[in-house]
Every structure is written in structure tokens, then in C-alpha cells.
Amino acid sequence: HEGVNTIKEMGRSIHEIPRQD
Amino acid sequence: DGCIQFTRHAGDVLLNFNRLRSRNILTDVTIQVDGQQFHAHKAILVACSGFFYSVFMDPENANLSAISLDPKVDPKGLSLLLDFMYTSCLNLNDSLVLATLNTAIYLQMEHVADTCHRFIKSRH
């Protein structure tokens with residue numbers, strides 16, 4: 001992604017799979 | 001236009017894979033060593049270990065769902081290296097570093113093996 005403005009997002013990006021059902 | 005980079009994404013994805021592993025979901029290979037069994041995802045093993053890359057890239061092993069390692073491999077070393085693959089954290093301590101080093105060499109994980117060497121040197 002050289003040369004493209006990159007904005008950093010610090011929050012979660014995906015759901016979290018739980019330890020159990 | 002631009003790119004939004006989610007700085008947590010790689011870690012969040014790996015955490016989810018580790019959750020899948022601990023719940024034995026979508027695991028596709030069982031590693032057997034010294035009577036112990038470890039469930040894992042071939043893709044993670046291939047991504048992290050030269051040994052597993054060679055094994056699973058071989059067309060003859062396309063349907064392999066269980067693999068027995070050399071009996072001299074220490075299950076504790078393997079367990080630590082599997083945890084490393086799925087968490088990026090390598091637990092090293094004096095009592096297990098040699099087993100971890102030998103297993104890392106066997107699994108062709110030379111960067112981890114180098115780290116174990118440096119840890120051993122730093123302790124003497």
C-alpha cells in the first residue's frame with residue numbers, strides 16, 4: 001500500500017470467538 | 001481514497017484460531033507424540049513450520065489427518081511451540097528451553113531455534 005494514505009484503526013476488526021459455546 | 005489499517009486484525013484473527021483450536025473446531029490434523037495427541041489446523045502448521053510445510057505440500061499426504069512425530073520429540077516442547085504458533089508468545093524457562101530448542105529444530109522453525117540459542121547463552 002505504498003503511496004496510499006493509510007489511516008490506522010485501533011479498535012477490534014472482527015468478532016471474538018468465545019472460549020465455550 | 002486511502003486504506004484503513006486495523007492494527008489489531010492479525011492478533012484478533014490469531015486469537016480466534018486459538019479459540020477454534022482449544023474447542024477443536026475445524027481442526028484437520030491430529031499430531032501424535034509420545035502417546036499424547038494435539039489437534040491443530042494444517043494451514044497454521046504449514047505457515048509456521050518448515051517440517052509441516054514439507055509434509056503437507058507432498059501430494060501423497062493430501063488426505064493425511066493424523067501424523068506421528070519421532071518418539072524423541074518432547075510433547076512439552078511441541079505444546080509450547082503450538083502455543084507460540086497460535087499466540088506469538090514463546091514461553092521459555094530453564095527446565096524446558098532445551099526441549100523447545102530441539103523441537104524447534106525438528107519442526108524447522110529456525111527463528112525460534114535461534115531465539116532459544118540466545119536464551120541459553122544469556123543464562124550462562
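Computed from a prediction, not measured in an experiment: that's the story for all the values here. Per chain, numbering begins at 1; letters A, B, ... match sequence-line order.
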inquiry  = Heavy-atom pairs under 4.5 Å with chain B - which of M10(A), Q20(A), E16(A), R19(A) has more of them than the others?
reply    =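 Most heavy-atom pairs under 4.5 Å with chain B: R19(A).
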task = Please indicate whether K76(B) has more than 12 foreign heavy atoms, meaning atoms of other residues, nucleotides or ligands, lying under 6.0 Å from its NZ.
result =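 No, the 6.0 Å shell around NZ holds no more than 12 heavy atoms from other groups.
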query = Relative to chain A, which of D12(B), V13(B), I4(B) shows the most heavy atom pairs under 4.5 Å?
reply =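 Top count of heavy-atom pairs under 4.5 Å with chain A: D12(B).
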task = Flag the one option from Q5(B), H9(B), R8(B), R23(B) with the top tally of heavy-atom pairs under 4.5 Å to chain A.
result =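 Heavy-atom pairs under 4.5 Å are most numerous for R23(B).
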inquiry  = Strictly distance-based, threshold 3.5 Å: is any side-chain N or O of D34(B) a donor or acceptor partner for the main-chain N or O of P75(B)?
reply    =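 Checking the backbone N and O of P75(B) against the side chain of D34(B), no donor-acceptor pair under 3.5 Å is found.
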L15(B) portion near chain A, given a 4.5 angstrom heavy-atom threshold =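 Contact with chain A involves the side chain of L15(B) alone.
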query = Parallel, tilted or perpendicular: which fits the ring planes of F51(B) and Y106(B), with parallel below 30° and perpendicular above 60°?
reply =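 Because their plane-to-plane angle lies in the 30° to 60° range, the rings of F51(B) and Y106(B) count as tilted.
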key: Trace of the side-chain contact (heavy atoms from CB on, under 4.5 Å) decision for N61(B) with I67(B)   = CA-CA 10 Å; N61(B) 297 330; I67(B) 178 170; over 6 Å; no
